[in-house]
Amino acid sequence: MDIDNGHPRGDPGGGHADALLGTIASLNPGLLVDVLAEAPVGVGLLDAELRWLYANPAFLSTTGLEPARILGRPVAATPFAADLHTISRILAEGNPREAADPRDAADLANPANPAGPGDAVGRDDAEPGTATATATGWQVRYRRLEAEEGRATGVVVVVMGAATRQQRRLDQAGRRLALQQAAAERIGTTLDVDITCIELAELAVPAMADLAIVEVMTHEIVDRAVDRGVDRSVDRGLGGQPEPPRMRRTALACSPELRRRLGALALPAASVRPGPDSAVALSLAEGEPVVANLLSDAELADLAQSPETLAAYRIADVDSLVTVPLNARGRLVGVLTLARGRGTFDGFTDDDRVLIQDLADRAAVSVENARQYADSQSVTLELQRALLVEPGRPHSNLEVAARYLPSGNRTLVGGDWYEIVRLPFGRTLLVMGDVMGHGVEAAVDMSIYRSAIRDAGGMDLPPHGILRHLDTLISQDDTARPATCLLGVADPNRGRWTFASAGHLPPALFAPGRPTELVTVPTGPPLGTGIGGYEQTIVTLRPDQVLLMYTDGLVERRGEDIDVSLARLAALPLGATGGLEDLLDDALHLVAPPAIEDDIAILAARATPR
């Protein structure tokens, strides 16, 4: 949807036009005439009443006009009448504008065929927003001339021929490909909604706009739109809703200088309900881009989605907007708004709109993937937390503390777990396990292992017997995932620990004034393989000892040998005399990697003095 297409703007003159226009004011009249006569670019001059005063040879040859058909005549009486509104605004406001020939170039050379605004015939290969009828058509740029005191004295008209336009077309295509390649590399690098939106906004500024704002809808709004039957193969909007949905501003990008001027307005994460006539509301309702160029202050106020946004637009001296929907496979997830200020960019062309929509579509897919990932991780995390809330309780002769630390947004929640089972005769079974893989499936398998451990505990089997039983049981289920597991039976009454391992990392024993001991436990294969072959080892239990059991997320580092990781754990002076919760804090602070890349389950136990 185009609110006001205006005229497309750009830099059609290339280096020749810019250099020529930039030196006009400094040349004396005689030298100026000589320069213009030899200039390779067509240049014409209008006075303050918009009458043609001058046209150089290149201007006449490019347009095919005879001097008698243009010199001395007002714009309205020449083939440039279609651009009278634009030229008048240039004279009044001073912003350079670009337009196209209002008619076929062949007709311009035929005085018997007077041109008018209605004579233009569009072509598929025309410049965006122009009305060029043949390959010999021409492109026009207008710029105001001012006296020293700033008073407007006329308008310079620069005309480019087909060759210049073709080169510009090639340049635009190159820039477009470069931007699309950058988008493929820089947008969607993480499964995080906010980071993806920031990547989109920062790609758009300063490449395509002075200000970029990305806003997303809540999950409830997106899901409600799908429930209403949005076709996943066709982009649609939210038409039919009583009012625009509330949006969350996830990203705002602008130049550093502009950000300083915006102050608090530049802070993202605001919750905004766009006005019903705003560009955001219109784009959401129709599921289509909204383009608006040459905006007056009143038009800008109508299209801004909030008073804060309007204030930001005014600070940035915005006069052109484009708002495009973020549509991912038929799911409308948000909007992207780009704004350009006067004098820094030209208005948004049809090519700009297509390119910006392409970038928005790329980002929308990444946003939707991140949203679905967040939903999946939330379900998995809640499930795993629920399953870990109520482990068993030890006998009164044993003190136990345990923690579970998810890895956050870096990977899916895994199958790390721990369990505590009371056994007869004052013994307590301590369990640390890690189901292979991540996600909901791993968390579900973890619950199966925990239930089996509790059942096996009731059989009063030794630790290695429990592992054998579990391995046989789990291997009969083809869908179950293997798991590593460490069992430790605390028997304070007899003063001993009994350990058995199914492919798990060794436990650590801490005691005051003694080096940390990594217990050597015969390591059998992970549970679920059906191989068996588990053994156990017995270690003396000292009243002042603290046992530490953990999963690999605590010690492992990417690219580091596990022996190096375990040596680092053994070398740390973890206190064994304070509270167990404090010891867990120290272990997580001193041992765990700074950026947690895997879940961590950790358990500490100590005999209680009687």
Side-chain angles (χ1 to χ4, degrees), residues 391-400 402 415-436 445-477 480 482-511 517-543 545-551 601-608 610:
R393 293 186 177 183
H395 284 285
S396 59
N397 59 4
L398 192 70
E399 178 187 5
V400 176
D416 294 25
W417 54 284
Y418 56 84
E419 185 57 274
I420 303 169
V421 181
R422 294 175 65 147
L423 302 177
F425 309 112
R427 295 171 299 145
T428 301
L429 174 64
L430 305 176
V431 185
M432 182 63 61
D434 186 356
V435 178
M436 296 182 181
D445 285 347
M446 175 265 292
S447 69
I448 295 174
Y449 277 103
R450 291 189 69 198
S451 297
I453 283 285
R454 289 175 177 176
D455 291 340
M459 301 178 185
D460 198 21
L461 296 172
H464 65 295
I466 295 176
L467 293 181
R468 291 172 187 168
H469 173 74
L470 288 177
D471 182 55
T472 301
L473 182 66
I474 299 300
S475 64
Q476 295 172 357
D477 184 355
T484 65
C485 186
L486 174 66
L487 302 185
V489 174
D491 190 352
N493 296 334
R494 301 174 65 180
R496 69 183 187 183
W497 298 103
T498 305
F499 297 107
S501 173
H504 204 84
L505 295 178
L509 291 174
F510 301 90
E517 177 186 359
L518 294 180
V519 182
T520 301
V521 182
T523 302
L527 298 176
T529 62
I531 298 176
Y534 304 103
E535 302 178 26
Q536 67 183 30
T537 187
I538 298 175
V539 178
T540 300
L541 186 156
R542 296 163 50 92
Q545 275 181 337
V546 173
L547 170 71
L548 188 70
M549 302 169 69
Y550 50 90
T551 56
I602 184 171
L603 180 149
R606 178 171 53 198
T608 302
R610 305 184 68 176

Checklist line | Closest heavy-atom pair and its distance - Leu423, Gly457 | finding: CD2-O, 3.5 Å
Next item on the list: Side-chain contact test, heavy atoms from C-beta onward, threshold under 4.5 Å: evaluate it for Phe510 versus Leu548 and give yes or no.
Entry: yes
Note to self: Rounded at 0.5 Å granularity, tell me how far CD in Glu517 sits from CG in Leu547.
What the structure shows: 10.5 Å
Next item on the list: Identify the two heavy atoms, one from His395 and one from Arg422, that lie closest to each other, and give their separation to 0.1 Å.
Entry: ND1-NH2, 3.3 Å
Checklist line | For Leu430 against Ala605, the heavy-atom pair lying closest together | finding: CD1-CB, 3.6 Å
Notebook entry, point to check: When rounded to the nearest 0.5 angstrom, what is the spacing between CE in Met549 and CG in Leu505?
Noted result: 11.0 Å
Check: Quick one: CG on Leu486 to OG1 on Thr523, what's the gap to the nearest 0.5 Å?
Finding: 9.0 Å
Note to self: Can you confirm whether Asp460 sits close enough to Arg427 that some side-chain heavy atom of one is under 4.5 Å from a side-chain heavy atom of the other?
What the structure shows: yes
Next item on the list: Identify the residue among Val521, Leu487, Val539 that makes a side-chain contact (heavy atoms from CB on, under 4.5 Å) with Pro507.
Entry: Val521
Notebook entry, point to check: Do Thr551 and Asp434 have side-chain atoms, one donor and one acceptor, less than 3.5 Å apart?
Noted result: no
Notebook entry, point to check: Are Ser396 and Thr608 close enough that some pair of their side-chain heavy atoms sits under 4.5 Å apart?
Noted result: no
Show me, pair by pair, the donor-acceptor contacts under 3.5 angstrom made by side chains of residues 495-502, not counting sequence neighbours?
| residue | atom | partner | partner atom | Å |
| --- | --- | --- | --- | --- |
| Trp497 | NE1 | Gln545 | OE1 | 3.3 |
| Ser501 | OG | His504 | N | 3.1 |
| Ser501 | OG | His504 | O | 3.3 |

Next item on the list: Can you tell me which residue pairs pass the salt bridge (Lys or Arg N to Asp or Glu O under 4.0 Å) test with a partner in residues 521-532, sequence neighbours excluded?
Entry: none
Next item on the list: State, to 0.1 Å, how close Tyr449 and Leu527 come at their nearest heavy-atom pair, and which atoms those are.
Entry: OH-O, 3.6 Å
Check: Val431 and Cys485: which non-hydrogen atoms are nearest, and at how many Å?
Finding: CG1-SG, 3.8 Å
Check: Are any non-hydrogen side-chain atoms of Pro522 and Thr537 less than 4.5 angstrom apart?
Finding: yes
Next item on the list: Provide the closest heavy-atom pair for Gly426 versus Asn397 in the form atom of the first, atom of the second, distance.
Entry: O-ND2, 3.1 Å
Only pairs under 3.5 Å count here: list side-chain donor-acceptor contacts from residues 463-473, not counting sequence neighbours, and write none if there are none.
| residue | atom | partner | partner atom | Å |
| --- | --- | --- | --- | --- |
| His464 | ND1 | Gln536 | OE1 | 2.5 |
| Arg468 | NH2 | Tyr534 | O | 3.2 |
| Asp471 | OD1 | Gly528 | N | 2.9 |
| Asp471 | OD1 | Thr529 | N | 3.1 |
| Asp471 | OD1 | Gly530 | N | 3.0 |
| Asp471 | OD2 | Gly530 | N | 3.3 |
| Asp471 | OD2 | Ile531 | N | 3.3 |
| Asp471 | OD2 | Gly532 | N | 3.1 |
| Thr472 | OG1 | Arg468 | O | 3.1 |

